[in-house]
Amino acid sequence: MQRYSGFGLVKHALRHHEDWQRQWRNPTPKPGYDVIIVGGGGHGLATAYYLAKEHGITNVAVLEKGWLGGGNTARNTTIVRSNYLWDESAALYEHAMKHWEGLSQELNYNVMFSQRGVLNLGHTLQDMRDIQRRVNANRLNGIDGEVLDAEGVQSLVPIMDCSKRARYPVMGASWQPRAGVARHDAVAWGYARAADALGVDLLQNTEVTGFKIRDGRILGVHTNRGDIEAKTVGCVTAGNSSVLAGMAGLNLPLESHPLQALVSEPLKPVLDTVVMSNHVHGYISQSDKGDLVIGAGIDGYNGYGQRGSYPTVEHTLQAIVEMFPIFSRVRMNRQWGGIVDTCPDACPILSKTKVKGLYFNCGWGTGGFKATPGSGHVFAASLAKGEMHPIAAPFSIDRFHSGALIDEHGAAGVAH
Amino acid sequence: MFHIYCPYCEEHREEEEFHPKGQAHIARPEDPDACSDEAWGDYLFFRDNPRGIHHEMWLHAVGCRKFFNITRHTVSYEILETYKMGEQPTVGAEHLAREEKTAREGKTDSVQVAEGGQQAVGASDAALASVKGAQA
């Protein structure tokens with residue numbers, strides 16, 4: 001792999017940028033691999049990378065029906081934080097956060113991770129009680145967090161309407177300074193390039209059409225480019241997980257919903273942190289390019305259409321304008337939707353299945369992006385050892401029958 | 001924006017008057033105390049999540065405030081029928097398969113399918129027109 005550096009940039013400039021190496025190969029599928037990862041988004045690519053790097057399993061294929069990072073990885077609002085309430089989820093998201101903090105160096109790829117802090121606003125007394133409880137839980141788990149009052153919020157975000165005149169006045173917020181945003185495409189590309197350099201085959205335009213299962217054991221997958229054998233298969237396919245599980249005769253407790261986001265025309269720097277409000281339901285940050293990145297709620301109905309409904313956009317923008325009257329005349333540039341797989345307890349599923357050798361990593365719902373490195377890291381360890389990693393173990397699918405749910409509806413960014 | 005026919009109000013109304021309430025036709029176990037953990041968990045948490053035809057409950061929240069059912073396609077979002085609680089759907093996955101087969105074989109004589117399948121209680125006019133248009 002050609003390493004990127006300032007010196008390299010100068011060297012390539014002298015050669016008119018004509019011999020940059022391709023970031024990854026475009027190999028033809030081999031008849032078999034040690035491990036197959038289905039789904040070439042951030043989580044799948046991260047899993048492949050950590051399999052190769054930490055567990056020495058390099059005979060790995062990532063099967064992607066479209067192009068790398070073309071699904072939810074490219075459709076989210078890029079927020080990274082770890083201030084979740086319960087020990088299990090805090091451990092998982094904080095594991096990811098620690099990876100984020102060194103990710104650009106590790107991958108030799110600038111993922112533009114910017115720890116600009118995240119505010120979760122409270123608009124009611126109950127909001128503030130919940131925020132205090134969550135921040136206390138975070139601190140007990142070694143995760144940074146502070147409770148701010150309205151004045152504290154106002155001093156961080158001068159352009160926000162924190163006055164008592166607002167329809168839903170801001171009473172305070174939780175503040176995680178280590179949280180922030182990252183460049184979503186770069187995360188997928190960085191993992192893809194690093195995994196490819198370690199020998200992982202990234203197979204794009206390769207759609208899984210079925211599983212080869214005998215005596216309750218996975219033997220491989222059927223694809224539109226022929227059959228590929230593997231004794232271990234990990235499915236990381238977000239909104240399409242139910243469809244894939246159905247091919248293996250499995251049922252998952254998931255519902256696929258459209259989740260949309262939108263960006264405005266680029267503006268001069270005006271907002272240097274991330275503001276989220278569960279109560280009025282909108283969240284917003286400003287990208288390095290200058291556009292306001294705004295996240296909406298999910299559409300309540302099931303859908304695979306990768307587009308959102310207009311009433312949802314309208315409600316979200318009402319909330320944003322309520323918080324930021326200064327943005328009332330900003331024009332929106334683009335709007336898009338992704339398909340998120342929501343779980344009844346707003347926590348993901350990282351689990352073995354009834355089919356030996358077949359694993360699922362899904363159910364991340366509306367907040368999977370922030371977990372990309374941690375999810376990939378623990379899922380790779382689980383695939384390599386055949387036993388779920390201790391951080392992943394509580395997220396087994398068995399919890400929906402044992403009752404040991406991890407209810408994160410309060411800390412999940414989007415109501416679902 | 002959906003334009004939804006409420007089978008109780010017998011009128012088309014805009015999506016914002018309604019709330020989706022998840023999968024329809026889920027029967028509560030008759031004796032919950034006798035359920036295994038498996039059966040009870042399945043009843044509480046496991047839902048159909050098809051990429052295709054889905055039967056779902058909706059609530060006419062700011063209208064008649066009654067629950068009713070919709071059969072809808074989860075990729076095209078086309079509403080194929082709406083029907084009252086207690087009634088059974090007339091459009092199902094097999095209907096879709098038949099339609100796709102017809103389209104594949106290029107048969108144009110599908111008026112009966114359109115009427116038989118689409119005539120179902122209160123299918124929206126737009127949905128009807130688009131289906132008929134596609135098959136004409």
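Letters go in sequence order (proteins before strands), and every chain restarts at 1. Since the structure is predicted, the reported quantities are computational estimates derived from the model, not experimental observations.
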Quick one: [atom1] on [X] to [atom2] on [Y], what's the gap to the nearest 0.5 Å?
X	Y	atom1	atom2	value
B:His54	A:Glu255	NE2	CD	6.5 Å
B:Met1	A:Thr312	CE	OG1	9.5 Å
A:Asp299	B:Glu15	CG	CD	7.0 Å

A:Ala393: what forms a side-chain contact (heavy atoms from CB on, under 4.5 Å) with it, not counting sequence neighbours?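 Listed in chain order: A:Met388.
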Select all residues of residues 57-72 of chain B having any heavy atom within less than 4.5 Å of some heavy atom of chain A, and report them by number, or 'none'.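 When heavy atoms of chain A are the reference, residues 57-72 of chain B contributes B:Trp58, B:Arg72 within the under-4.5 Å range.
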More than 12 heavy atoms of other groups within 6.0 Å of [X] [atom1]:
X	atom1	answer
B:Tyr43	OH	yes
A:His222	NE2	yes
A:Arg225	CZ	yes
A:Gln318	CD	yes

Is there any residue in residues 234-245 of chain A with a non-hydrogen atom under 4.5 Å from a non-hydrogen atom of chain B, and which ones are they?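 The stretch touches chain B at A:Asn240, A:Ser242, A:Val243.
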In terms of heavy-atom proximity below 4.5 Å to chain B, should A:Gln306 be classed as side chain, backbone, both, or neither?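 The backbone, not the side chain.
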How close do [X] and [Y] get, counting heavy atoms only, and between which atoms?
X	Y	value
B:Pro20	A:Gly300	CG-C, 3.4 Å
B:Phe46	A:Leu252	CD2-C, 3.8 Å
B:Tyr77	A:Arg307	CD1-NH2, 3.6 Å
A:Tyr304	B:Val75	CB-CG2, 4.0 Å

Show me the donor-acceptor pairs, under 3.5 Å and distance only, between side chains in residues 28-42 of chain B and residues at least two apart or in other chains.
residue: B:Asp31; atom: OD1; partner: B:Asp33; partner atom: N; Å: 3.4
residue: B:Ser36; atom: OG; partner: B:Ala39; partner atom: N; Å: 3.1
residue: B:Asp42; atom: OD1; partner: A:His401; partner atom: NE2; Å: 2.8

Could you verify whether a donor N or O on one side chain and an acceptor N or O on the other, from A:Ser256 and B:Asn49, lie under 3.5 Å apart?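 The answer is yes; a qualifying pair exists.
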